[in-house]
There are 2 protein chains.
Amino acid sequence: MATDSYAHLAYYERLVLQIKTQILQGILLPGDRLPSVREMAKQEQLNPNTVAKAYKQLDQDGITYVEPGRGTFIAEPLTKVSTTAIAAFRPKFEAIVVEAKSLGISVDLLRQWLNEAEGNI
Amino acid sequence: MATDSYAHLAYYERLVLQIKTQILQGILLPGDRLPSVREMAKQEQLNPNTVAKAYKQLDQDGITYVEPGRGTFIAEPLTKVSTTAIAAFRPKFEAIVVEAKSLGISVDLLRQWLNEAEGNI
DNA sequence: TGATGTGTACTATTATACATAGTACACTGA
DNA sequence: TCAGTGTACTATGTATAATAGTACACATCA
């Protein structure tokens with residue numbers, strides 16, 4: 001797979017992250033069609049079921065939508081943010097910050113990374 | 001366990017995070033002795049082996065040190081930061097940012113959380 | 001209509017990680 | 001000596017990941 005840096009993630013999670021990133025970068029636009037599970041499986045050297053699992057999660061997250069018999073397409077970006085999604089996400093973020101500080105990484109460096117990430121995506 | 005918000009983590013990972021947080025908050029100080037694996041197992045309603053796994057990771061991370069036959073103690077905070085540790089950590093942070101943006105969470109909100117976390121730890 | 005390509009839903013197998021349980025050992029200190 | 005350290009080891013049960021194969025309803029197109 002292309003995203004070598006994410007060795008700690010499962011294959012299907014890497015694929016989900018890869019597609020999310022390409023959407024944020026504007027490489028994939030709303031209405032674009034993703035390769036079929038079988039095509040993507042060949043491209044990424046994965047089992048079709050693994051790709052299907054990634055597509056299923058993207059669909060559940062509202063990132064994509066499925067037109068039965070036609071394919072999977074990129075959805076319009078979310079307009080209103082789910083408060084429950086935010087509440088569920090925050091502990092993850094805070095855990096990452098704790099881990100960073102324990103490694104001796106300053107909050108300033110995290111801010112810098114955040115700024116750079118904002119530029120890239 | 002006390003850290004209810006981290007249901008997505010394994011028990012031993014929650015314990016590691018809990019101890020790291022208490023160190024950052026100044027509740028646990030360098031030289032302080034952690035409860036024995038058997039004591040902590042009783043406190044946290046865990047199997048001693050699960051606690052041992054958490055202690056092992058803390059030791060490997062340089063967070064604690066072991067005095068054989070005496071116990072596990074909080075180490076002095078890291079002075080110089082391992083560049084390899086930083087390099088390995090950054091993809092994790094970036095993945096979190098991508099996930100946040102996909103949920104519709106703004107970078108500004110992440111900055112705010114970062115500031116609040118800086119105050120707490 | 002028939003053929004092809006969609007996503008999806010199954011079953012099954014293998015491998016790995018988590019958590020538990022129990023036992024054993026070298027070490028330290030009273 | 002004896003109790004309390006961390007650690008190592010085997011074993012079991014559970015859950016998840018990834019694989020493989022099959023099947024089905026649907027849409028499109030010749």
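Chain naming here is simple, since letters A, B, ... match the order of the sequence lines and numbering starts at 1 in each. Worth knowing before you read on, the calculation uses all heavy atoms, side chains too, and leaves out hydrogens, waters and symmetry mates.
Residues from residues 64-75 of chain B with heavy atoms under 4.0 angstrom of DNA chain C, sorted by number: B:P68, B:G69, B:R70.
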For nucleotides 11-21 of chain C, tabulate all protein N/O to nucleotide N/O atom pairs closer than 3.5 Å, reporting atom names and distance.
unit_1	atom_1	unit_2	atom_2	d
C:dC18	OP1	B:Y12	OH	3.3
C:dC18	OP2	B:K53	NZ	2.7
C:dA19	OP1	B:Y11	N	2.4
C:dA19	OP2	B:Y11	N	3.4
C:dT20	OP2	B:N47	N	3.1
C:dT20	OP2	B:T50	OG1	2.7
C:dA21	OP2	B:N47	ND2	3.3
C:dA21	N7	B:N49	ND2	3.1
C:dA21	N6	B:N49	ND2	3.0

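For the pair B:R33 and B:E67, the salt-bridge criterion is not met [side-chain N within less than 4.0 Å of a carboxylate O]. Under the 4.0 Å criterion applied to side-chain N and carboxylate O atoms, B:R14 and B:E44 are not assigned as salt-bridge partners. A salt bridge links B:R111 with A:E118: the distance from a Lys NZ or Arg NE/NH1/NH2 to an Asp or Glu carboxylate oxygen falls below 4.0 Å. Here A:E13 does not pair with A:K20 in a salt bridge; the nearest charged N to carboxylate O distance is not below 4.0 Å.
The distance from the CG atom of B:D61 to the OG atom of A:S102 is 8.5 Å, given to the nearest 0.5 Å. The CG atom of B:L17 sits 10.5 Å away from atom CD of B:Q22, with the distance rounded to the nearest 0.5 Å. Note that CG of A:D59 and OH of A:Y65 are 11.5 Å apart. Values are rounded to the nearest 0.5 Å. Within the model, atoms NZ of A:K56 and NZ of A:K53 stand 8.5 Å from one another, a figure rounded to the nearest 0.5 Å.
Taking every nucleotide of DNA chain D with any atom under 4.0 Å from a non-hydrogen atom of chain A, the first and last of them, 5' to 3', are D:dA17 to D:dT28.
Side-chain atoms of B:F89 and A:I105, non-hydrogen and from C-beta on, do get closer than 4.5 Å to each other. Counting heavy atoms from C-beta outward, B:Y55 and B:I19 have side chains that approach closer than 4.5 Å.
The OH-C1' distance, from A:Y55 to C:dT6, rounds to 11 Å in whole Å.
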